[in-house]
Amino acid sequence: MKVVIIGGVAGGATAAARLRRLDERAEIIVFERSSYVSYANCGLPYYIGGTIKDPNALTLQTPESFYGRFRVKMRVRHEVTAIHPERKTVSVKNLESGEEFEESYDKLLLSPGAKPTQPRLPGVGLEKLFTLRTVEDTFRIKDYISAHQPKSAVLAGGGFIGLELAENLRELGMEVTIVQRPRQLMNPFDPDMAAFIHSEMRAHGVKLALGRTVEGFEERDGGVDVLLKDGAPLHADMVVLAIGVTPDTALAREAGLELGLKGSIVVNERMETSVPDIYAVGDAVQVRHAVTGQEVLLSLAGPANKQGRIAADNICGGDSRYLGSQGSSVIKVFGMTAAVTGVNETNAKKAGLDADAVVLSPMSSAGYYPGGKVMTMKVVFEKGTYRLLGAQIAGYAGVDKRIDVLATAIHAGLTALQLKDLDLAYAPPYSSAKDPVNMAGFMIENIAEGIVKQFRLEDVEALPRDGSVTLLDARTPQEYAGGHIEGFRNIPVDELRERLGEIESGKPVYVVCQSGLRSYIACRILAGYGYETYNFSGGFRFYDAVVNDRRLIETAAACGMDQT
């Protein structure tokens with residue numbers, strides 16, 4: 001059997017190694033148009049910033065090492081220019097010599113990945129305008145910084161690459177501004193959870209120009225002007241386009257393969273395309289979202305590697321299936337860790353799901369253990385069925401552990417109610433006896449059983465301030481004086497029983513505290529005396545962070561400024 005693979009990075013390299021492990025006699029040829037194979041895209045910004053110092057560390061394998069171990073022929077600097085399904089060949093051009101030839105195959109695997117989205121804007125192509133996708137891109141940026149010592153950079157795009165690069169450029173001492181058309185960074189997160197990412201970026205000196213549209217680029221005064229719609233240009237010594245990626249599927253289109261979202265390749269669960277004996281994996285393919293069931297594009301290394309393994313299994317006669325993508329991901333944002341799995345509340349509702357969520361602020365370790373850090377968790381579930389839909393966490397310790405537990409729970413089909421039953425490891429340095437994941441389950445169980453009703457951030461503004469309801473802040477007077485929601489009066493939870501006479505009976509009571517715990521206790525006390533109560537999800541800490549973030553974004557948009 002002869003297998004030809006187009007693309008030698010994540011999915012392609014994984015498939016090649018798996019093919020060899022399953023079939024020692026197969027002839028395996030990989031064509032990769034760049035000079036590198038099996039490299040770590042996710043590590044590229046950290047080489048630019050100097051965290052990774054050895055450029056060789058970016059490549060997990062070389063063509064020589066891959067051949068030495070797996071006897072796979074890695075043909076770098078070879079570009080496949082056409083696929084001929086009718087005669088089962090591909091046209092190839094050697095980019096070093098210019099030689100062109102055809103290579104036959106029994107099975108063909110496409111792993112072309114995605115390319116940086118290049119908007120059709122004036123000035124695209126300027127010398128000081130960069131993209132970051134390949135090792136060559138990384139060296140180009142690194143060499144430019146070393147040679148010219150730029151003092152400032154504008155990053156167009158606020159996704160994974162934009163944030164990671166912003167952090168690393170700040171570590172080099174550069175002034176950094178991120179421009180993003182949506183009014184938030186990191187679209188996998190809901191806007192309220194993105195507020196914590198915004199705060200961390202601003203705290204480290206990154207300027208945010210959110211809700212701003214880039215209209216072009218112009219060279220000026222030795223740098224680049226980033227032209228903005230309805231705003232003054234942003235000037236910088238260099239600009240990096242990180243506005244997303246587009247499936248690199250021109251070959252598939254010309255070969256007549258069925259295409260889907262944004263020109264991506266349509267595959268089945270076995271990673272088979274619409275043409276016999278042709279498989280496809282990675283960022284170029286359309287996949288099913290494991291939670292919503294909708295077709296999506298997810299450019300993540302984990303799914304690409306899994307898909308490469310599955311395709312190799314099936315090429316060798318197996319029957320492996322790709323069950324869909326949850327979009328589980330994690331990112332370092334200076335000192336913060338932010339992570340997400342499943343579907344966020346915004347997209348769940350867009351998908352037609354009747355979604356609700358709980359927000360909590362647990363500690364990363366036992367409260368009495370020194371050094372614990374608060375994290376903010378948002379767990380999304382379906383009303384009625386309590387199907388677990390997704391989760392988002394922002395914090396400083398223990399975030400990756402909890403998101404992986406929640407990702408596993410979603411994959412296993414657990415309901416949000418079953419989170420309370422998970423038997424999770426406990427020791428004071430790592431958790432409380434009631435792990436944050438268990439706590440989310442307890443909260444959702446209380447809602448399901450009618451023990452507590454909650455109100456959410458989006459409900460606060462609409463609450464009447466005419467005395468028809470009671471608005472109560474259960475924190476201490478000192479906390480209340482430091483900031484509170486307009487219209488909420490202060491009665492500390494520990495004084496509540498003695499001051500029941502101050503709360504008019506027969507009116508609903510809406511209660512808030514710092515995190516949601518004391519207000520929950522207040523709700524239970526009041527419920528015991530016949531009051532109808534509602535607990536604020538997330539607490540004042542959550543409210544304050546989100547409202548302040550929105551105020552900064554709105555003020556900056558009105559003034560045509562960035563947000564520091």
Side-chain angles (χ1 to χ4, degrees), residues 1-34 36-43 58-76 78 80 83 88 90 103-114 247-249 251-252 257 264-273 275-288 290 298-326 328 411:
M1 178 174 64
K2 182 177 181 181
V3 183
V4 169
I5 299 174
I6 301 175
V9 189
T14 295
R18 177 68 170 171
L19 282 164
R20 175 57 72 225
R21 290 194 294 269
L22 295 177
D23 188 342
E24 180 62 25
R25 296 181 178 274
E27 182 181 2
I28 306 168
I29 304 174
V30 179
F31 292 115
E32 168 58 46
R33 66 185 166 200
S34 77
Y36 302 90
V37 297
S38 191
Y39 58 81
N41 295 78
C42 303
L58 296 173
T59 52
L60 308 178
Q61 294 276 359
T62 66
E64 294 76 19
S65 67
F66 218 101
Y67 184 80
R69 176 162 296 178
F70 298 110
R71 293 300 187 268
V72 169
K73 301 171 185 175
M74 285 283 187
R75 305 294 191 229
V76 296
H78 280 68
V80 175
I83 302 169
K88 300 185 79 169
V90 295
E103 191 75 50
S104 64
Y105 65 83
D106 296 312
K107 305 286 184 180
L108 178 66
L109 174 63
L110 307 183
S111 182
D248 193 356
T249 55
L251 285 173
L257 276 64
S264 59
I265 303 170
V266 173
V267 293
N268 61 19
E269 291 179 332
R270 290 168 47 86
M271 309 314 298
E272 295 169 324
T273 71
V275 175
D277 296 323
I278 300 181
Y279 298 73
V281 301
D283 295 351
V285 305
Q286 172 181 291
V287 296
R288 182 182 62 83
L298 287 172
S299 298
L300 294 169
N305 280 277
K306 292 185 186 77
Q307 292 161 14
R309 178 186 175 91
I310 289 167
D313 287 351
N314 294 323
I315 287 172
C316 291
D319 189 23
S320 293
R321 307 278 171 153
Y322 186 67
L323 302 180
S325 294
Q326 282 179 212
S328 301
H411 180 80

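If you're wondering where the values come from, they're calculated on a predicted model, not measured in any experiment.
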How long is the gap from [atom1] on [X] to [atom2] on [Y], to the nearest 0.5 Å?
{"X": "Tyr322", "Y": "Gln307", "atom1": "OH", "atom2": "CD", "value": "4.5 Å"}
{"X": "Cys316", "Y": "Met1", "atom1": "SG", "atom2": "CE", "value": "4.0 Å"}
{"X": "Glu27", "Y": "Glu103", "atom1": "CD", "atom2": "CD", "value": "6.5 Å"}
{"X": "Leu19", "Y": "Lys107", "atom1": "CG", "atom2": "NZ", "value": "11.0 Å"}
{"X": "Ile315", "Y": "Ile5", "atom1": "CD1", "atom2": "CD1", "value": "6.5 Å"}
{"X": "Met271", "Y": "Leu109", "atom1": "CE", "atom2": "CG", "value": "9.0 Å"}

Does [X] reach the side chain of [Y], with side-chain heavy atoms less than 4.5 Å apart?
{"X": "Val37", "Y": "Pro63", "answer": "yes"}
{"X": "Glu32", "Y": "Met74", "answer": "no"}
{"X": "Arg309", "Y": "Ser320", "answer": "no"}
{"X": "Ile29", "Y": "Lys2", "answer": "yes"}
{"X": "Ile83", "Y": "Leu110", "answer": "yes"}
{"X": "Leu108", "Y": "Val90", "answer": "yes"}
{"X": "Glu272", "Y": "Asn314", "answer": "no"}

What is the minimum heavy-atom distance between [X] and [Y], and which atoms define it?
{"X": "Gly113", "Y": "Ala284", "value": "O-CB, 3.5 Å"}
{"X": "Ala16", "Y": "Phe66", "value": "CB-CE2, 4.0 Å"}
{"X": "Gly8", "Y": "Ala13", "value": "O-CB, 3.7 Å"}
{"X": "Ala311", "Y": "Val281", "value": "CB-CG1, 3.8 Å"}
{"X": "Ala304", "Y": "Ala10", "value": "CB-CB, 4.2 Å"}

Do [X] side-chain atoms and [Y] backbone N/O form a donor-acceptor pair below 3.5 Å?
{"X": "Arg20", "Y": "Ala26", "result": "yes"}
{"X": "Thr273", "Y": "Ile278", "result": "yes"}
{"X": "Arg33", "Y": "Ile6", "result": "no"}

- prompt: Hey, mind stepping through Arg321 and Ile310 against side-chain contact (heavy atoms from CB on, under 4.5 Å) and telling me if it holds?
  reply: CA-CA 6 Å; Arg321 307 278 171 153; Ile310 289 167; 5.9 Å; no
query: Is there a side-chain contact (heavy atoms from CB on, under 4.5 Å) between Tyr279 and Val267 once you walk through the steps?
result: CA-CA 8 Å; Tyr279 298 73; Val267 293; over 6 Å; no
- request: Give the C-alpha distance, both sets of side-chain angles, the deciding distance and a yes or no for salt bridge (Lys or Arg N to Asp or Glu O under 4.0 Å) between Asp319 and Arg270.
  value: CA-CA 7 Å; Asp319 189 23; Arg270 290 168 47 86; 2.9 Å; yes
- request: Assess Arg69 against Tyr67: is NZ or CZ under 6.0 Å from the centre of the six-membered ring, and within 45 degrees of the ring's axis?
  value: no
